[in-house]
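Let me begin by presenting the structure, written as C-alpha cells, before commenting on it.
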Amino acid sequence: KFIELPYQEIEPAIAVSSADDMGIKTLIGEGRSNFRGSPKNRVFNIKAASDRFNGILIKPGENFSFVNVLGEVDGEHGYLPELVIKKDKTEPEFGGGICQVSTTAFRVALYSGLEITARRSHAYPVSYYNPQGMDATVYVPRPDLRFKNDTPNHILIQTKIEGTEVIFQFYGTSDGRKTVIAGPTILE
C-alpha cells in the first residue's frame with residue numbers, strides 16, 4: 001500500500017554554497033577551565049551543557065546570549081541535580097556545573113578580544129574557576145553572559161572536553177586584534 005505524506009520544503013538559514021563566504025578561516029581564540037575533582041552529576045551537566053554550544057554560529061554584529069543557547073535547565077532537558085551557587089548559598093538544583101561552561105565561554109570571548117556586554121562573577125571564590133576573577137555565573141533567565149561578535153564575519157563555536165578540561169574554541173576571520181590580559185591579581 002502506498003501512502004502520500006504532506007511535506008513542506010524549507011530553505012536552510014545558511015545555504016551550503018554560502019558556507020565558504022562566512023569567513024571561518026582560523027582559530028581566533030580559545031578558553032579553558034578545569035573541573036578536576038567534580039562529582040559525577042556535575043561532570044554530566046558540564047558535558048551536557050557544553051554539547052549545546054558545539055557548532056553554534058554567531059553572526060557578525062550579533063549580541064550572543066549564553067542563556068538563550070543554553071535553554072531550559074531541568075530534568076526534562078537532560079540535566080541532573082548538583083550543587084549550585086544561588087545568591088550567597090550553595091544548594092542542590094538541576095544543572096549544577098553549568099557555570100563551568102559559562103566561565104569557559106567567557107574566557108574564549110575575552111581572549112578573542114570580543115566586547116563583553118553582560119557578565120557577573122560568582123558570589124564567592126570557587127576553586128573550579130581558578131584563576132579567580134576569570135569566571136562568569138549564569139542562571140536562567142539571568143544573570144546571563146553576553147558578548148558581541150564585532151569581527152567582520154561569522155564565528156563558529158567548537159567545544160570539547162579533554163580529561164578534566166572544558167575547551168571552547170572560536171573560529172572566524174582574524175582582523176589583527178591582539179588581546180593582552182593583565183592579571184587577575186588577588187588583592188585580599
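Keep in mind it's a predicted model, so treat the numbers as computed, not measured.
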(Q) Within the 4.5 Å heavy-atom criterion, are L57 and I155 side-chain neighbours or not? (A) no
Item checked: N153 and T173: side chain donor to acceptor below 3.5 Å -> yes
- Are any of the side-chain heavy atoms of Q169 and K160 separated by less than 4.5 Å? yes
query: Does the R107 side chain pair with the main chain of M134, one donor and one acceptor, at a distance under 3.5 Å?
result: yes
May I ask you to decide if G96's main-chain N or O and N45's side chain share a donor-acceptor pair within less than 3.5 Å?
-> yes
*asked:* Do N63 and F147 have side chains that approach each other closer than 4.5 Å (heavy atoms only, starting at C-beta)?
replied: no
Taken to the nearest 0.5 Å, the spacing of F106 CZ from I116 CD1 works out to 5.5 Å
For H122 and C99, the nearest pair of non-hydrogen atoms, with its separation, is NE2-CB, 3.3 Å
Exercise. Please check if any side-chain donor atom of T151 sits under 3.5 Å from a side-chain acceptor atom of D175, or the reverse.
Key: no
_For a quick check under 3.5 Å, do T104 and S33 share a side-chain donor-acceptor pair by atom type?_
yes
Practice task
Please lay out, stage by stage, how I167 and E30 fare under the test side chain to side chain contact (heavy atoms under 4.5 Å, CB included).
Solution key: CA-CA 7 Å; I167 302 166; E30 181 175 274; 3.9 Å; yes
#### Entry: Working for side-chain hydrogen bond (donor to acceptor under 3.5 Å, both in side chains), residues D135 and S121
CA-CA 6 Å; D135 64 308; S121 60; 4.8 Å; no
**Prompt:** Yes or no on salt bridge (charged side-chain N to carboxylate O under 4.0 Å, His left out) for D150 and R177, after CA distance, side-chain angles and deciding distance?
**Reply:** CA-CA 11 Å; D150 57 358; R177 70 182 73 184; 2.8 Å; yes
Practice item. Without swapping roles, check the side chain of N149 against the backbone of E62 for a donor-acceptor pair under 3.5 Å. Key: no
### Query
Does T103 use its side chain to pair, donor to acceptor, with the backbone of Q100 at less than 3.5 Å?
no
* Are L110 and V108 close enough that some pair of their side-chain heavy atoms sits under 4.5 Å apart? -> no
Closest heavy-atom pair, G61 versus K148, reported as atoms and distance to 0.1 Å, is O-CE, 3.7 Å
_I want to check a possible cation-pi pair here: R42 against Y128, using under 6.0 Å from ring centre and within 45° of the ring axis as the test._
yes
Kindly determine whether F66 and V101 satisfy side chain to side chain contact (heavy atoms under 4.5 Å, CB included), including the steps that lead there.
-> CA-CA 10 Å; F66 186 92; V101 181; 3.8 Å; yes
Please determine whether the number of non-hydrogen atoms from other residues, nucleotides or ligands lying under 6.0 Å from atom CZ of R52 exceeds 12. yes
- Message: Applying salt bridge (charged side-chain N to carboxylate O under 4.0 Å, His left out) to R142 and D144, what does each step give before you reach the verdict?
- Response: CA-CA 5 Å; R142 62 184 170 276; D144 193 2; over 6 Å; no
Correct closest heavy-atom pair for A136 and S102 would be O-OG, 2.5 Å
- Got a donor-acceptor contact below 3.5 angstrom from the N34 side chain to the E165 backbone? no
Check your understanding: So do the side chains of I56 and F64 get within less than 4.5 Å of each other, counting heavy atoms only?
Key -> yes
Closest non-hydrogen atoms of S174 and T26, given as atom of the first, atom of the second and distance, are N-CG2, 4.0 Å
Closest non-hydrogen atoms of N54 and T159, given as atom of the first, atom of the second and distance, are OD1-N, 2.8 Å
Q.
Using 30° and 60° as the class boundaries, would you call the ring planes of F168 and F53 parallel, tilted or perpendicular?
A. tilted
Scanning both residues in full, the closest heavy-atom pair of R119 with G133 reads NH2-O, 3.2 Å
Assess the residue pair Y129 and Y124 against the criterion (ring pair (Phe, Tyr, Trp, His ring centres under 6.0 Å)); give the C-alpha distance rounded to whole Å, side-chain angles, the decisive distance to 0.1 Å, and a yes or no. CA-CA 11 Å; Y129 308 131; Y124 49 86; over 10 Å; no
message: Let's go through V140 and V138 carefully: what are the C-alpha distance in whole Å and the side-chain angles of both, what is the deciding distance for side chain to side chain contact (heavy atoms under 4.5 Å, CB included) to 0.1 Å, and is it a yes or a no?
response: CA-CA 7 Å; V140 177; V138 295; over 6 Å; no
- Do F94 and Y79 have ring centres separated by under 6.0 Å? no
Between I46 and V166, is there a side-chain heavy-atom distance shorter than 4.5 Å? yes
